[in-house]
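It should be emphasised that the depicted structure is a prediction, and the values quoted were computed from it without experimental measurement. No hydrogens, no waters, no symmetry mates; every other heavy atom, side chains included, goes into these values.
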Amino acid sequence: MNIIDAEKIIKNNFSGNIFNMFSNYGSFIQIDFSAREANGNNIFVYMCTWNIYHNDIEILNSNDDRAKFSHIFDVLVHCGICMVDFLFDPIKHKFTFYLCNNYFITLLPDNNSLDDDDMIIFFTETNYALCYSVQKGFYIGK
């Protein structure tokens, strides 16, 4: 799948409020844009370093102490934060999600995990998944 079509899918399906965020192991992070965990619009991030910024200052990253995670995630959820724009850099394989109120999230592949595994999966309510891996690029998974 080409980058332009992938960006359209992302922008059309992931522009609502963040309903939930959590991380339970390693650099995994899940961002839910729907109240339904199953068959909703959700982003699953694997094998990436990620950072969350507010006013261009890093407030959380994937290597921080887990105790810090829930506080920042709660702020993003309870303040009605939504995605307002999205950029993808195909050379660096970098995703940037611009959120309202001067927040943004960046995702970069973990340099130790540049194998064939997906680094990010966008699950949509239409029951398909837009996947991305460094080796394959964007593709539709089942």
A.B. asks: Considering non-hydrogen atoms only, spot the tightest contact between Val77 and Met21 and give its length.
C.D. replies: CG2-N, 3.9 Å
A.B. asks: For this output row, return yes or no: ring centroids of Phe138 and Phe88 closer than 6.0 angstrom.
C.D. replies: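 Under 6.0 Å, so yes.
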A.B. asks: Can you check whether Ile57's main-chain N or O pairs, donor with acceptor, with Asn55's side chain at less than 3.5 Å?
C.D. replies: no
A.B. asks: For Ile10 and Phe86, which heavy atoms make the closest approach, and how far apart are they?
C.D. replies: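 Smallest heavy-atom distance, with atoms named: CD1-CZ, 3.5 Å.
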A.B. asks: Between Phe14 and Ile43, is any pair of side-chain heavy atoms under 4.5 Å apart?
C.D. replies: yes
A.B. asks: Which pair of non-hydrogen atoms, one from Ile121 and one from Ala129, has the smallest distance, and what is that distance?
C.D. replies: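 Result for this residue pair: CG2-CB, 3.7 Å.
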A.B. asks: Heavy-atom distance under 4.5 Å between the side chains of Ile105 and Phe95, does that happen here?
C.D. replies: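 Side chain of Ile105 against side chain of Phe95, heavy atoms only: no contact under 4.5 Å found.
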A.B. asks: Under a 4.5 Å cut-off applied to non-hydrogen side-chain atoms, are Phe97 and Ile31 in contact?
C.D. replies: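 A side-chain contact is absent here, since even the closest heavy-atom pair is not under 4.5 Å.
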A.B. asks: Shared ILVMFWY cluster between Val134 and Val45, side chains joined below 4.5 angstrom?
C.D. replies: yes
A.B. asks: Is the closest side-chain heavy-atom distance between Asp85 and Lys11 below 4.5 Å?
C.D. replies: yes
A.B. asks: Minimum heavy-atom separation for Cys82 to Ser15, with atom names?
C.D. replies: CB-O, 3.9 Å
A.B. asks: A side-chain contact here means heavy atoms from C-beta on lying under 4.5 Å apart; do Ile120 and Cys48 qualify?
C.D. replies: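 When only atoms from C-beta onward are counted, Cys48 and Ile120 do not touch, as no gap falls below 4.5 Å.
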A.B. asks: Flag yes if Ile3 and Met83 sit in one hydrophobic cluster, no otherwise; membership is Ile, Leu, Val, Met, Phe, Trp, Tyr, and two members link when side-chain heavy atoms are under 4.5 Å apart.
C.D. replies: yes
A.B. asks: For Ile59 and Tyr103: C-alpha separation, side-chain torsions, deciding distance, then whether side-chain contact (heavy atoms from CB on, under 4.5 Å) applies.
C.D. replies: CA-CA 10 Å; Ile59 59 172; Tyr103 288 95; 3.8 Å; yes
A.B. asks: Is there a path of hydrophobic side-chain contacts, each under 4.5 Å between heavy atoms, that joins Leu60 and Ile81?
C.D. replies: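 Yes; tracing contacts between hydrophobic side chains, which count when under 4.5 Å, links both residues.
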A.B. asks: Quick one: does Asn41's side chain have a donor or acceptor within less than 3.5 Å of a partner on Asn13's backbone?
C.D. replies: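 Flag set: sc Asn41 to bb Asn13 pair under 3.5 Å.
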A.B. asks: Indicate yes or no: at least one non-hydrogen side-chain atom of Met1 is less than 4.5 angstrom from one of Ile9.
C.D. replies: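 Touching, per the 4.5 Å side-chain cut-off.
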A.B. asks: Could you grab the distance from atom CG of Asp74 to atom CZ of Phe69, nearest 0.5 Å is fine?
C.D. replies: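 Those atoms lie 13.0 Å apart.
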A.B. asks: Which atoms form the tightest heavy-atom contact between Cys100 and Gly80, and what is the distance?
C.D. replies: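 Heavy atoms only, the tightest pair is SG-O, 4.0 Å.
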A.B. asks: Please tell me if the side chains of Leu130 and Thr124 come closer than 4.5 Å, counting only heavy atoms from C-beta onward.
C.D. replies: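 Answer no - side chains too far apart.
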A.B. asks: Looking at every heavy atom in both His93 and Met119, which two are closest together, and how far apart are they?
C.D. replies: O-CE, 3.5 Å
A.B. asks: Under 4.5 Å between side-chain heavy atoms, counting indirect links through other Ile/Leu/Val/Met/Phe/Trp/Tyr residues: same cluster for Leu107 and Leu87 or not?
C.D. replies: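 No, no single cluster joins them.
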A.B. asks: Keeping the roles fixed (side chain from Ser23, backbone from Phe28), state whether a donor-acceptor pair exists under 3.5 Å.
C.D. replies: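 Such a contact is found between Ser23 side chain and Phe28 backbone.
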A.B. asks: Given side-chain contact (heavy atoms from CB on, under 4.5 Å), test Leu99 with Ile18 step by step and report yes or no.
C.D. replies: CA-CA 10 Å; Leu99 310 173; Ile18 296 173; 4.3 Å; yes
A.B. asks: In a check of side chain to side chain contact (heavy atoms under 4.5 Å, CB included) between Thr106 and each of Asp89, Asn61, Asn51, which one passes?
C.D. replies: Asn51
A.B. asks: Within the structure provided, determine whether Tyr98 and Thr96 are in side-chain contact (heavy-atom separation under 4.5 Å).
C.D. replies: yes
